[in-house]
Amino acid sequence: MGGSFEDIALSVVTAVVGHDEINKLLINKLVNRGRSRPHPWSTLNDYISWRGLSDRSFNARLLPAKPYPAAEALGTRRPPIADVAKLFDASPGGQRVCIKSTMLFPAFAQYLTDGFIRTKVANDPPFGDGIEDRRRTTSNHEIDMSPLYGRTLAQTDALRLKSNLPAQKGRLKIQKIGGEDWSPALYTAAGALKPEFAALDQPLGVDRMPPAARAQLFAAGGDRVNATPQVAMMNTLWLREHNRLAAMLEGGHPGWDDDRVFETARNIVIWMFIKIVVEEYINHINTSVFRFRGNPEVAWEADWNRPNWMTAEFSLLYRWHSLVPQKVRWGGLDLDGGNLLFNNTLLTDAGLADAFVVFSENPATQLGLGNSATFLGDSEVKAVKQARSNNIATYNDYREAMDMDRAESFDELVGKSNDPVEKTRRTALVVELKRLYGSVDNVEFYVGLFAEPSEKNGPLPELLLGMVAMDAFSQALTNPLLSRHVMGDADNRRLAFTDAGIAAVTGTRKLADVVARNTHTLNGRFVGMTRRDWERD
């Protein structure tokens, strides 16, 4: 997706043909690189069945299952999981820094994907049923802002204020801390779940927390919102934006009831979020000078415009643990990333504006093997286990499925580098991969994704970039709110969003715009996913 010559040529073509036409051409090219939905297989069975084609509590599959015994008969090898997981551990010399991304990039990615990549894991009783089945999902399979609004009607109702009083219509519940609006507390000071939030999914990991520590956790639609301050800050931002929009709608439509104000504000938030997904987030991972636009017309007549169904592969390829640094600079201190887990007090003490600035000032680390922080080591073990329990095919199988050349050797897989230190690292990686797998055709999907080097001018490797682009466009632009029958009909567009709501979305270009209007202390400070010192190579 871009070298200097290609970028110049693309700029010329764009000027002649028009941005919207090139936007449509490139998006279709990216999405059509792999097979579009509906997928014939799911994680229910290793064969095709009606339930597998219809039961969305299981993940779909891009490729059919490749069970280990069958693979073993063909001469493949699967090394011990502990040895594979060690491939992800950062070296004693420390993590490699990403030259393009700030920590806001993985923070946004986590919040985005937590809404629809929902592998079935659970807390132990009494907080959950303790049943884990990594073939299954609790996802609605849509970009529907479920971390904010919940997955079910009961969860949404629990989070709503549900009042027809003036200045309260359509609002989500809040609490005030330090003069700012935050999600309400999920637990009492003694650590007991508040009855009004009984319908919510309790935060994953809460069963390992002492009762007193639970008091800082927020009531939210997603069970991963409280995992780190950077995810909680994303949810807080959209909570405030929803309530800001609700106030705007109530003022413009005093005859509307609470439900209509709420539902219209939610419509606007979902559209606004999807716009940022395309125009800031996807453009950040994009390696070209061309800037994609979130124009839903691209999908209206596309063959790939099908109902969303998240795949087992997608739930694995988005485990970007190595982007997260071991240390975070916050308030003049170097904090260990492990100390950020379930620590909303850091967020509320700093305030929302300062938190966004902090994660925009801290660089992300580089995506790839040999670069994960120590506190995420167990996450890599679980990812390898999940891939194997779902009988995921090999890395080279997916390169072929994405119309890419198969890697012919381990050297080709890890790529070349002229930097002496990096060259030494990759040489050692080749030796270890060869020891573990014997042949490059035996390399597992999850390992191969992160063994590849990052693309020039982008934070992601080639196969990962191709699969993310394919799924991101085909899942974001097919949202029902963006359909021809809503967005493409002027009257229905006004019914769904109102003129004021349409203006709010069209006037929003990036996440920083939303932060600026929902905080009072940003004062022009930098908020962004791309480092200010990054320069195109």
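Centroid-to-centroid, the aromatic rings of Phe116 and Trp309 stay 6.0 Å apart or farther.
Within the 4.5 Å cutoff, the side chain of Glu452 has heavy atoms near those of the Leu463 side chain. Under the 4.5 Å side-chain criterion, counting only non-hydrogen atoms from C-beta, Trp41 is in contact with Ile48. Taking the side chain as every heavy atom from C-beta outward, Glu142 and Pro480 approach each other to under 4.5 Å. Using a 4.5 Å heavy-atom threshold, the side chains of Ile276 and Val514 count as touching. In this structure, Met234 and Gln110 have side chains that are not in contact, with every pair of non-hydrogen atoms separated by 4.5 Å or more. Using a 4.5 Å heavy-atom threshold, the side chains of Ile27 and Trp304 count as touching. Proximity of Arg406 to Val440: side-chain heavy atoms (C-beta onward) are nowhere separated by under 4.5 Å. In this structure the side chain of Val414 reaches within 4.5 angstrom of the side chain of Leu433, judged on heavy atoms.
Distance alone, capped at 3.5 Å, places no donor-acceptor pair between the Gln366 side chain and the Pro453 backbone. Checked by atom type and distance alone, the side chain of Asn457 pairs as donor or acceptor with a backbone atom of Asp537 at under 3.5 Å. Looking at Ser42, its side chain never comes within 3.5 Å of a backbone N or O of Leu53 through a donor-acceptor pair. Listed for the Asp336 side chain is a donor-acceptor partner under 3.5 Å among the backbone atoms of Gly338. Side-chain atoms of Asn283 come within 3.5 Å of backbone atoms of Glu279 as a donor-acceptor pair (strictly under, hydrogens ignored). In this structure, Asn305 contributes its side chain and Thr478 its backbone to no donor-acceptor pair below 3.5 Å. At least one donor-acceptor pair closer than 3.5 Å links the side chain of Arg35 to the backbone N or O of Leu62. In this structure, Thr394 contributes its side chain and Asn442 its backbone to no donor-acceptor pair below 3.5 Å. Using a distance-only test at 3.5 Å, with no hydrogens or angles considered, no donor-acceptor pair links the side chain of Ser139 to the main chain of Arg118. Remark: the backbone N or O of Ile392 is not paired with any side-chain donor or acceptor of Asn390 at under 3.5 angstrom.
In this structure, the separation between CG on Asn123 and CG on Leu204 is 5.5 Å, given to the nearest 0.5 Å. Going from atom SG of Cys98 over to atom CG of Leu460 covers 8.5 Å, rounded to the nearest 0.5 Å. To the nearest 0.5 Å, atoms CZ (Phe292) and CD1 (Ile282) are separated by 8.0 Å. Note that CD1 of Ile143 is 10.0 Å distant from OG1 of Thr113, once rounded to the nearest 0.5 Å. Atoms CD and CZ, from Glu432 and Phe410 in turn, are 10.5 Å apart once rounded to the nearest 0.5 Å. The distance from the CG atom of Leu44 to the OG atom of Ser54 is 9.0 Å, given to the nearest 0.5 Å.
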### Task
Would you sort out whether Phe273 and Trp271 count as a ring-ring contact (aromatic ring centres under 6.0 Å, His included), showing the intermediate values?
CA-CA 5 Å; Phe273 185 78; Trp271 178 21; over 10 Å; no
### Task
Assess whether side chain to side chain contact (heavy atoms under 4.5 Å, CB included) is satisfied between Tyr111 and Leu148, documenting all intermediate values.
CA-CA 10 Å; Tyr111 187 74; Leu148 177 64; 3.7 Å; yes
### Message
Run Leu87 and Leu429 through side chain to side chain contact (heavy atoms under 4.5 Å, CB included) and show every step you take.
### Response
CA-CA 8 Å; Leu87 290 169; Leu429 179 57; 4.1 Å; yes
### Query
Going through the distances and angles, do Thr228 and Leu341 end up as a side chain to side chain contact (heavy atoms under 4.5 Å, CB included)?
CA-CA 5 Å; Thr228 64; Leu341 301 177; 3.8 Å; yes
### Message
Using side chain to side chain contact (heavy atoms under 4.5 Å, CB included), reason through Gln475 and Phe314 one step at a time and then give a plain yes or no.
### Response
CA-CA 12 Å; Gln475 291 166 3; Phe314 202 48; 3.3 Å; yes
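For the pair Glu380 and Arg319, the salt-bridge criterion is not met [side-chain N within less than 4.0 Å of a carboxylate O]. Note on Lys120 versus Asp129: salt bridge recorded, some NZ/NE/NH1/NH2 to OD/OE distance being below 4.0 Å. Taking the charged nitrogens against the carboxylate oxygens, Arg388 and Glu444 do have a contact shorter than 4.0 Å, which makes a salt bridge. One finds a salt bridge joining Arg61 and Asp46 here, because a Lys/Arg side-chain nitrogen approaches an Asp/Glu carboxylate oxygen to under 4.0 Å. Ion pair Lys382/Glu132 not flagged as a salt bridge, since none of the NZ, NE, NH1 or NH2 atoms sits closer than 4.0 Å to an Asp/Glu carboxylate oxygen. The pair Arg425-Glu422 meets the salt-bridge criterion, since a charged nitrogen lies less than 4.0 angstrom from a carboxylate oxygen.
Under the rule for a side chain to side chain donor-acceptor pair (under 3.5 Å), Glu280 has no partner lying at least two apart in sequence or in another chain.
Among all heavy-atom pairs drawn from Gln95 and Ser372, the shortest one is NE2-C, 4.0 Å. Looking at every heavy atom in both residues, Phe342 comes nearest to Gly205 through CZ-CA, 4.0 Å. Here the closest non-hydrogen pair linking Leu369 and Arg96 is O-NH2, 2.9 Å. Here the closest non-hydrogen pair linking Gly528 and Thr102 is O-OG1, 2.7 Å. Of all heavy-atom pairs spanning Ala512 and Val527, the tightest one is CB-O, 3.6 Å. Contact record, His39 with Ala60: CD2-CB, 3.9 Å, taken as the closest heavy-atom pair.
If you check the side chains of Gln386 and Tyr446, you find no donor sitting under 3.5 Å from an acceptor. A donor-acceptor contact under 3.5 angstrom links the side chains of Ser57 and Arg136, judged on distance only. A side-chain donor from one of Arg37 and Asn308 sits under 3.5 Å from a side-chain acceptor of the other.
When each of Leu63, Leu317, Leu464, Leu449 is checked for a side chain to side chain contact (heavy atoms under 4.5 Å, CB included) with Tyr398, only Leu63 meets the rule.
The aromatic rings of Phe290 and His19 lie parallel to each other, with less than 30° between the two planes, well short of the 60° mark. In this pair, Tyr281 and Phe105 present their aromatic rings tilted. The plane angle is within the 30 to 60° band.
Within 6.0 Å of NZ on Lys86 lie no more than 12 heavy atoms contributed by other residues, nucleotides or ligands. More than 12 heavy atoms of other residues, nucleotides or ligands lie within 6.0 Å of CG in Asp334, so this atom counts as buried by the packing criterion. More than 12 heavy-atom neighbours from other residues, nucleotides or ligands sit within 6.0 angstrom of NZ on Lys327.
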